[in-house]
Structure formats: C-alpha cells, structure tokens
Amino acid sequence: MYPYYEHYRQNQKLVNDLIKAINGEYSATQCYAKLAGMAPNAEQRDQINEILNDEKKHLQQFSQIYTTLTGKQPRPMLIEECGESYVAALEASFKDEQRTTDFYHEIADEAADPVIKEVFRRAAYDEQNHAVWFLYYLGKEK
C-alpha cells in the first residue's frame, strides 16, 4: 500500500509543477510578444522573438506531458505581469527566467521518467540563456 501512495504523491507533485510551468510559459509568451513590440531595434526584436518561440515550444512540450499524465488538456492562465515599459518588462523577464531556471532544474532532478527529466533539463538551459539575453539588453538600456 505504501509504495502506491508514494507514487501517487510524486505524480501529484509533478502534475502540480506542470500546471505552474504551463501557466508560467503561457504568461511568458504573452509578455515576450509585448516585449518584442517594444524593442528599440530589429536585432533585439528578432532575438526576443526567438526567445518567444522557445517559450511556445516549452508550453507545447509541458502541455503534452500534462495531457499524457492526466488525460486532460491544460487550460493555461496568465499568472505573471509584464512591465509596462521596455526596461520594466526586461527586468521582470530577467528575474522570471532566473527563477524558472531553478524551478525546472528541481523538476528535472525529481522526475523519475527520463523523457520528462530531459525535457525540463533542456528547458532550464534555454531559460538561463534567455536570462542572459534579457540582462544584456537591460544593460544596454541603463
């Protein structure tokens, strides 16, 4: 009886983490679309759009995992605010990407399934890369 309960508890934590990750990625896609529109030049806009595409890929991958585990489609919700100015949005995005990197590493470390582990590990690397770009653009603005 105990091993079944432990498996259920771990699975429920993963489902809860997936919901948080899906909502975070959905929020990021909304913010980065806005951010790309505020970018001061084509180079920054193109890079932010590349980051946006990564976030859409993460959202799709996490949604697939969620559906596989639960048999249900996720219903993403906006859970984070994006700054109103370019600098404020860059700051919020940088901080969010840094926090998300740690969160995804934790999920990868706890995941028993090697596919889930790799999806989150890869996403964590992407998030760290995004944070570097946002920090770079933030430095150019200040």
Pair H130, E50 - check side chain to side chain contact (heavy atoms under 4.5 Å, CB included), show working. CA-CA 9 Å; H130 301 162; E50 192 174 306; over 6 Å; no
Quick check: does any side chain N or O of T67 sit under 3.5 Å from a backbone N or O of Q64, one acting as donor and the other as acceptor? no
Connected via hydrophobic side-chain network under 4.5 Å: V132 and F134: no
Which atoms form the tightest heavy-atom contact between M38 and E84, and what is the distance? SD-O, 3.6 Å
To the nearest 0.5 angstrom, please state how far the CD atom of E91 sits from the SG atom of C82. 12.0 Å
Check the hydrophobic clustering (I, L, V, M, F, W, Y; side-chain heavy atoms under 4.5 Å; chains of links allowed) and say if L35 and L78 are grouped together. no
Check V15, N11, I65 against T70 for a side-chain contact (heavy atoms from CB on, under 4.5 Å) and give me the one that passes. V15
Keeping the roles fixed (side chain from T101, backbone from Q128), state whether a donor-acceptor pair exists under 3.5 Å. yes
E97 to A131 - nearest heavy-atom pair and separation: CB-CB, 3.8 Å
Does any part of the side chain of E110, heavy atoms only, come nearer than 4.5 Å to the side chain of L14, both counted from C-beta? no
Please tell me whether L59 and I51 are part of a single hydrophobic cluster in this structure, the criterion being side-chain heavy atoms less than 4.5 Å apart. no
Looking at every non-hydrogen atom in both residues, tell me the closest pair between Q47 and Y137 and how far apart they are. CB-OH, 3.2 Å
Under a 3.5 Å cutoff, is there a donor and acceptor pairing between the side chains of D102 and Q98? no
Give the minimum heavy-atom separation between P76 and N23, together with the two atoms involved. CA-OD1, 3.4 Å
Has E141 got more than 12 heavy atoms of other residues, nucleotides or ligands less than 6.0 Å from its CD? yes
Going by heavy atoms in the side chains, are Q44 and Y86 under 4.5 Å from each other? yes
When you measure from the side chain of S27 to the backbone of I79, do you find a donor-acceptor pair of N or O atoms at a distance under 3.5 Å? yes
Restricting to non-hydrogen atoms, name the atom on N49 and the atom on A36 that form the minimum distance, rounded to 0.1 Å. OD1-CB, 3.5 Å
How about R99 and F103: do any of their side-chain heavy atoms sit closer than 4.5 Å? no
Taking the side chain as every heavy atom from C-beta outward, state whether E127 and E25 have any atom pair closer than 4.5 Å. yes
Can any side-chain N or O of N129 pair as donor or acceptor with the backbone N or O of Y125 at less than 3.5 Å? no
Heavy atoms only: give me the nearest Y32-I48 pair and the separation to one decimal. O-CG2, 3.5 Å
Considering residues, nucleotides and ligands other than K117, do more than 12 of their heavy atoms fall under 6.0 Å from its NZ? yes
With sequence neighbours excluded, what pairs up with F120 under the ring-ring contact (aromatic ring centres under 6.0 Å, His included) test? F62, Y104
How many angstroms lie between atom CD1 of I19 and atom OH of Y66, to the nearest 0.5 angstrom? 4.5 Å
Looking at K95 and E80, does any basic side-chain N land under 4.0 Å from a carboxylate oxygen? no
Quick check on the hydrophobic clustering: are V87 and F94 connected, directly or via other members, by side-chain heavy-atom contacts under 4.5 Å? yes
With a 4.5 Å limit on heavy-atom distance, are the side chains of D109 and R121 in contact? yes
